[in-house]
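A short write-up of the structure that comes next.
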Number of protein chains: 2
Amino acid sequence: MKTTLGILKALSDRNRLRIVAALSRYEELCACQITELLQVTGATVSRHLSILQHAGLLSSRKEGRWIYYQLVYPEGSDAVFTWLGATFAGSMEIQADSEVLDKIASIDREELCRSQRGEICCPK
Amino acid sequence: MKTTLGILKALSDRNRLRIVAALSRYEELCACQITELLQVTGATVSRHLSILQHAGLLSSRKEGRWIYYQLVYPEGSDAVFTWLGATFAGSMEIQADSEVLDKIASIDREELCRSQRGEICCPK
DNA sequence: TTGACATTTAGTCAAATAGCTAAATATAAG
DNA sequence: CTTATATTTAGCTATTTGACTAAATGTCAA
């Protein structure tokens, strides 16, 4: 019950659903990429990721200064993700996210982080 | 997305999950029976029922002064309820609820409501 | 070791929410 | 019509939660 409630609470926030959608499209993403997608502060993203991870929905992998997150499908909850997948497929908002995400994923991580701290890097 | 989020939010409250569990055991229950089960005020139950109904998870049927509620399984979300069912089956709390519920269901509705408004009806 | 930097934690604030009581609504019965 | 009563709505309070800023942490590179 507590576990189930944790999962439901973790999933009942728009931004966290967007994170789940992004990670069901991209296998793994680092915190800075998610920050860029959601357009909120890194601290806020960190908090959301922690809630999802705590609910058992994410695992993470550290690679140098970056931390990559992946979706985990908790025992018996596959069906829920199938249902979510259908929602994502029919959502304009998630579709828009996907396009942004494709751009983000194509940018070098270094450059992305640089631009996040305001160093607009002189496109001639 | 909005619909999905509505369902998830509706389900991410302990008392509302208990209502769903009760209605997956009993087909239909009136507000006063749910009030008795949850041990909160009728107004609070009314609010929870309205949230569930708004999310498309409940339908209701009026019969005189009583209103009976039933579960509805929104298009495509059957799997979610299967998952919830498994949770309920393994939950001590829901099991305890079930026992209380069986007692409540066996009491005459009239008598239940009478006792709810404090008229402890003289058990010799 | 020092500095840079991605992420997390701590602390604050405003908005959302679950609970209550009391008043309003709608229905049944006298 | 009037009274009784099941449910809902309105108004309130306390708690939770999502967002922010600033400080702390942990990692890489010089």
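Throughout, a chain's letter reflects where its sequence line sits, starting with A, and its residues are numbered from 1. Side chains included, hydrogens not; waters and symmetry mates left out as well; all remaining heavy atoms used.
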Would you say A:Arg16 has more than 12 foreign heavy atoms packed within less than 6.0 Å of its CZ?
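Yes, enclosed.
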More than 12 non-hydrogen atoms from neighbouring residues, nucleotides or ligands closer than 6.0 Å to CD on A:Gln39, yes or no?
yes
In whole Å, what is the span from the [atom1] atom of [X] to the [atom2] atom of [N]?
{"X": "B:Tyr69", "N": "D:dT7", "atom1": "OH", "atom2": "C1'", "value": "7 Å"}
{"X": "A:Arg18", "N": "D:dA19", "atom1": "CZ", "atom2": "C1'", "value": "14 Å"}
{"X": "A:Arg47", "N": "D:dT17", "atom1": "CZ", "atom2": "P", "value": "8 Å"}
{"X": "A:Glu63", "N": "C:dC5", "atom1": "CD", "atom2": "C1'", "value": "16 Å"}
{"X": "B:Ile67", "N": "C:dA28", "atom1": "CD1", "atom2": "P", "value": "11 Å"}
{"X": "B:Trp66", "N": "C:dA29", "atom1": "CH2", "atom2": "P", "value": "9 Å"}
{"X": "A:Ile34", "N": "D:dA19", "atom1": "CD1", "atom2": "P", "value": "14 Å"}
{"X": "B:Arg65", "N": "D:dT3", "atom1": "CZ", "atom2": "P", "value": "17 Å"}

From [atom1] ([X]) to [atom2] ([Y]), nearest 0.5 Å:
{"X": "B:Ser60", "Y": "B:Gln53", "atom1": "OG", "atom2": "CD", "value": "4.0 Å"}
{"X": "A:Phe88", "Y": "A:Ile94", "atom1": "CZ", "atom2": "CD1", "value": "5.5 Å"}
{"X": "B:Leu17", "Y": "B:Glu93", "atom1": "CG", "atom2": "CD", "value": "9.0 Å"}

Quick one: label [X] by what it contacts on the DNA or RNA (base, sugar-phosphate, nothing), any heavy atom closer than 4.0 Å.
{"X": "A:Gly42", "answer": "base"}
{"X": "A:Arg16", "answer": "sugar-phosphate"}
{"X": "B:Ile51", "answer": "sugar-phosphate"}

5′-ward residue of the pair A:Asn15/A:Gly64 relative to DNA chain D:
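Closer to the 5' end of DNA chain D: A:Asn15.
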Given [N], is OP1 or OP2 found less than 4.0 Å from the side-chain N or O atoms of [X]?
{"X": "A:Lys62", "N": "D:dG26", "answer": "no"}
{"X": "B:Thr44", "N": "C:dA18", "answer": "no"}
{"X": "A:Ser46", "N": "C:dT8", "answer": "yes"}
{"X": "A:Thr41", "N": "D:dC20", "answer": "yes"}
{"X": "A:His48", "N": "D:dA19", "answer": "yes"}

